[in-house]
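Structure first, then comments.
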Amino acid sequence: MTDARFSEDPAHQTAQPVYAEERSGNTAIVCYALMIATLFTAYATGLIALIVAYVAREDDNHWTNSHYTFVIRTFWISILYAVLTGIMTFFVWWIPLIGWAIIGLMGLYTAAWFIGRNVIGLLRAMEGKPIDNPRSWFFG
């Protein structure tokens, strides 16, 4: 009995398995869904998405690699923005209205940036398209 993953033709038989299809973007889509869920789980699902993206990213030029790089950078940049907002909060929380407005605007920017980046990435992954500039600080 032969394994269905390997080619039946002896001339083309190799040690490499033959799969039904090439890598799809399903893992990238799951990563984006986990990142969006981070808004409700205080980075718990974002950490899972980060680990999955690091593991799934390979050393080839497949279109999904741009998505994994995008997810990884989104996670770390959002952590940076959260830390900067926390530092700013430490310094201006006591200033009525102005300090609160600065903190609120920083939080609003970070949330809008995070949601926008993940939704754009999710839509591109669902279309089977790579991120044009995965190393961008904005929306790729």
Side-chain angles (χ1 to χ4, degrees):
M1 183 169 178
T2 61
D3 191 346
R5 292 179 300 164
F6 294 97
S7 175
E8 294 293 328
D9 184 10
H12 292 94
Q13 208 166 33
T14 64
Q16 297 293 329
V18 178
Y19 294 100
E21 63 182 49
E22 191 178 337
R23 282 185 283 162
S24 68
N26 292 341
T27 305
I29 292 169
V30 168
C31 285
Y32 286 118
L34 288 169
M35 288 294 280
I36 292 168
T38 291
L39 296 169
F40 308 104
T41 63
Y43 282 100
T45 57
L47 187 59
I48 295 168
L50 178 71
I51 293 167
V52 169
Y54 272 123
V55 170
R57 189 169 61 170
E58 296 183 14
D59 293 331
D60 60 4
N61 289 326
H62 196 269
W63 68 270
T64 56
N65 286 342
S66 68
H67 287 280
Y68 300 133
T69 300
F70 199 64
V71 166
I72 291 166
R73 287 183 56 83
T74 300
F75 180 86
W76 290 118
I77 294 170
S78 68
I79 293 290
L80 174 68
Y81 286 163
V83 167
L84 290 176
T85 302
I87 291 170
M88 185 61 78
T89 301
F90 179 76
F91 288 110
V92 300
W93 68 270
W94 56 272
I95 304 172
L97 299 179
I98 295 172
W100 303 337
I102 291 170
I103 295 165
L105 289 173
M106 287 179 72
L108 185 63
Y109 168 79
T110 301
W113 173 87
F114 186 82
I115 292 167
R117 232 173 116 97
N118 284 299
V119 167
I120 288 169
L122 177 64
L123 293 174
R124 294 204 48 99
M126 290 173 64
E127 294 173 354
K129 296 179 181 176
I131 299 294
D132 296 328
N133 184 6
R135 298 202 174 275
S136 167
W137 279 72
F138 294 105
F139 301 108

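All of these numbers come straight from a predicted model, not from anything done at the bench. Start at 1 with the first residue, then count along the sequence.
Leu108 and Val92 fall into different hydrophobic clusters, where Ile, Leu, Val, Met, Phe, Trp and Tyr are joined by side-chain heavy atoms under 4.5 Å apart, directly or via other members.
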Requested in this report: Under the side chain to side chain contact (heavy atoms under 4.5 Å, CB included) rule, what do Asn65 and Asp60 come out as? Steps first, then yes or no, please.
Outcome: CA-CA 8 Å; Asn65 286 342; Asp60 60 4; 2.7 Å; yes
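For the atom pair Ile36 CD1 and Asn118 CG, the distance stands at 5.5 Å (nearest 0.5 Å). To the nearest 0.5 Å, atom CD of residue Glu58 and atom OH of residue Tyr68 are 8.0 Å apart. Thr89 OG1 to Leu84 CG: the interatomic distance, rounded to the nearest 0.5 Å, is 10.5 Å.
Closest approach of Ile131 to Gly121, counting heavy atoms only: CD1-CA, 3.9 Å. Across every non-hydrogen atom of Val71 and Ala49, the tightest pair is CG1-O, 4.2 Å. Here the closest heavy-atom approach between residue Gly25 and residue Thr64 is recorded as CA-CG2, 3.9 Å.
Evaluation of the ring-ring contact (aromatic ring centres under 6.0 Å, His included) test over residues 85-105, restricted to residues two or more places apart or in two chains, returns none.
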Side-chain donor-acceptor distances from residues 122-129 under 3.5 Å, at least two apart:
unit_1, atom_1, unit_2, atom_2, d
Arg124, NE, Pro130, O, 2.9
Arg124, NH2, Pro130, O, 2.8

Enumerate donor-acceptor pairs with a distance under 3.5 Å from any side-chain N or O in residues 75-82 to protein atoms, sequence neighbours excluded.
unit_1, atom_1, unit_2, atom_2, d
Trp76, NE1, Tyr54, OH, 3.2
Ser78, OG, Tyr43, OH, 3.4
Ser78, OG, Thr74, O, 3.1
Ser78, OG, Phe75, O, 2.7

Would you mind writing out the side-chain donor-acceptor pairs for residues 133-140 within the sub-3.5 Å range, not counting sequence neighbours?
unit_1, atom_1, unit_2, atom_2, d
Asn133, OD1, Arg135, N, 3.4
Ser136, OG, Phe138, N, 2.9

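In this structure, Ile48 shares a hydrophobic cluster with Val30, Leu34, Val52, the cluster being traced through Ile, Leu, Val, Met, Phe, Trp and Tyr side chains under 4.5 angstrom apart. Members clustered with Leu105: none, using a 4.5 Å side-chain heavy-atom cutoff among hydrophobic residues.
No more than 12 heavy atoms of other residues, nucleotides or ligands lie within 6.0 Å of CE in Met88, so this atom counts as exposed by the packing criterion.
Under the side chain to side chain donor-acceptor pair (under 3.5 Å) criterion, Thr38 pairs with Thr45, not counting sequence neighbours.
In this structure, the side chain of Ser66 engages the main chain of Trp63 through a donor-acceptor pair within 3.5 Å.
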